[in-house]
Amino acid sequence: MEEAKKMVAKLELVSLKEMGDDRGWLVVFEKGLNIPFDVKRCFFIYGTKEGLARGFHAHKKSKQMLVSVSGSVEIHCEANGKKEVYLLDAPNKGLFLEGMVWHTMENFSSDCVLMVLADDYYNEDDYIRNYDEFCALTNKENAK
Ligand code: T46
């Protein structure tokens, strides 16, 4: 499928350097240092109800960095034929996602504040919210 060949899926867990002194800790996100894109948008997800999962989509192109700045959350990802779960439980752990990564956010702790940095403005056309469509575009065998 020509369209699928052009689609990128990248995931990387990034460990950020913590700078600490007797006052506490400081972590930096900086383009070129640990963020491989220009940040155009930032949003926060918090107050998620217990047992609730969010996400259930992939992006066609967007690049994002997910960081749990408070509490913890699991990011369940499916990309390049593999399923992996990443636990974000510290402000110095970033999960970089680009493109065709089907992801859900699950098991939010009650104090979780999930920060997301994105390389582009909000555009619903960049979302694939239908799992069968995701499977078809990534040539998955269980696609209908
Ligand atoms: C993602 C995960 C990690 C906006 O109007 N502007 C925005 O910038 C965003 C992110 C959302 N919205 C609206 C769209 C929906 O009506 O806010 C509502 C909730 O968004 P959504 O259901 O997409 O939220 P999540 O938690 O499922 O997904 C979000 C991001 O949308 C998505 O890009 O990768 O967080």
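Basis for what follows: all heavy atoms, side chains included, without hydrogens, waters or symmetry-related copies.
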Trainee: Distance-only criterion, 3.5 Å: show the donor-acceptor pairs between side-chain atoms of residues 65-72 and protein atoms not counting sequence neighbours.
Mentor:
{"from": "Ser68", "atom 1": "OG", "to": "Ser70", "atom 2": "O", "distance (Å)": "2.9"}
{"from": "Ser68", "atom 1": "OG", "to": "Gly71", "atom 2": "O", "distance (Å)": "2.9"}
{"from": "Ser70", "atom 1": "OG", "to": "Asp111", "atom 2": "O", "distance (Å)": "2.7"}

Trainee: Roughly how far, to the nearest 0.5 Å, is CD of Glu78 from SG of Cys135?
Mentor: 6.0 Å
Trainee: Which residue, Ile75, Val101, Val116, forms the side-chain contact (heavy atoms from CB on, under 4.5 Å) with Leu95?
Mentor: Ile75
Trainee: Would you mind reporting whether Val28 and Lys17 have side-chain heavy atoms less than 4.5 Å apart?
Mentor: no
Trainee: Below 4.5 Å, heavy atoms only, C-beta onward: do Phe37 and Glu98 meet side chain to side chain?
Mentor: no
Trainee: Hey, is the main chain of Ile128 close enough, under 3.5 Å, to the side chain of Lys60 for a donor-acceptor pair?
Mentor: no
Trainee: Heavy atoms, side chains only, cut-off 4.5 Å: are His59 and Tyr127 in contact?
Mentor: yes
Trainee: In sequence, state the C-alpha distance, the side-chain angles, and the governing distance for Leu52 and Arg54, and then conclude on side chain to side chain contact (heavy atoms under 4.5 Å, CB included).
Mentor: CA-CA 7 Å; Leu52 206 135; Arg54 303 184 62 121; 4.1 Å; yes
Trainee: Does atom OH of Tyr46 have more than 12 heavy-atom neighbours, drawn from other residues, nucleotides or ligands, at distances under 6.0 Å?
Mentor: no
Trainee: With a 4.5 Å heavy-atom cut-off, do Val14 and Ile35 have their side chains touching?
Mentor: no
Trainee: Does Asn92 reach the main-chain N or O of Val27 with its side chain, forming a donor-acceptor pair under 3.5 Å?
Mentor: no
Trainee: Can you tell me if Asp119 uses its side chain to pair, donor with acceptor, with the backbone of Lys63 under 3.5 Å?
Mentor: yes
Trainee: For side chain to side chain contact (heavy atoms under 4.5 Å, CB included), just list the numbers for Lys31 and Asp38, CA-CA rounded to whole Å, side-chain angles, deciding distance to a tenth of an Å, and then say yes or no.
Mentor: CA-CA 6 Å; Lys31 193 199 164 190; Asp38 283 322; 3.1 Å; yes
Trainee: For side chain to side chain contact (heavy atoms under 4.5 Å, CB included), just list the numbers for Asp21 and Leu26, CA-CA rounded to whole Å, side-chain angles, deciding distance to a tenth of an Å, and then say yes or no.
Mentor: CA-CA 9 Å; Asp21 56 29; Leu26 186 151; over 6 Å; no
Trainee: Distance check, rounded to the nearest 0.5 Å: Asp120 atom CG versus Lys61 atom NZ?
Mentor: 9.0 Å
Trainee: Under a 4.5 Å side-chain heavy-atom rule over Ile, Leu, Val, Met, Phe, Trp and Tyr, are Phe56 and Tyr131 clustered together?
Mentor: yes
Trainee: Taking the ring centre of each residue, are His103 and His76 less than 6.0 Å apart?
Mentor: no
Trainee: Using modelled atom types only, decide if a donor and an acceptor are shared between the side chain of Arg129 and the backbone of His57 within a distance under 3.5 Å.
Mentor: no
Trainee: For Lys93, does the NZ atom sit with more than 12 other heavy atoms under 6.0 Å from it, leaving out its own atoms?
Mentor: yes
Trainee: When you group the ILVMFWY residues by side-chain heavy-atom contacts below 4.5 Å and let the links chain together, are Phe29 and Tyr86 in the same group?
Mentor: no
Trainee: Kindly check if the number of other-residue, nucleotide or ligand heavy atoms within 6.0 Å of NZ (Lys10) is above 12?
Mentor: no
Trainee: For Asn80 and Lys82, indicate whether the former's side chain and the latter's backbone hold a donor-acceptor pair under 3.5 Å.
Mentor: no
Trainee: State whether a side-chain donor-acceptor pair under 3.5 Å links Thr104 with Glu106.
Mentor: yes
Trainee: If only atom types and distance count, is the side chain of Asp126 paired as donor or acceptor with the main-chain N or O of Tyr122 below 3.5 Å?
Mentor: no
Trainee: For the pair Trp102 and Phe134, name the ring-plane relationship: parallel under 30°, tilted 30 to 60°, perpendicular over 60°.
Mentor: tilted
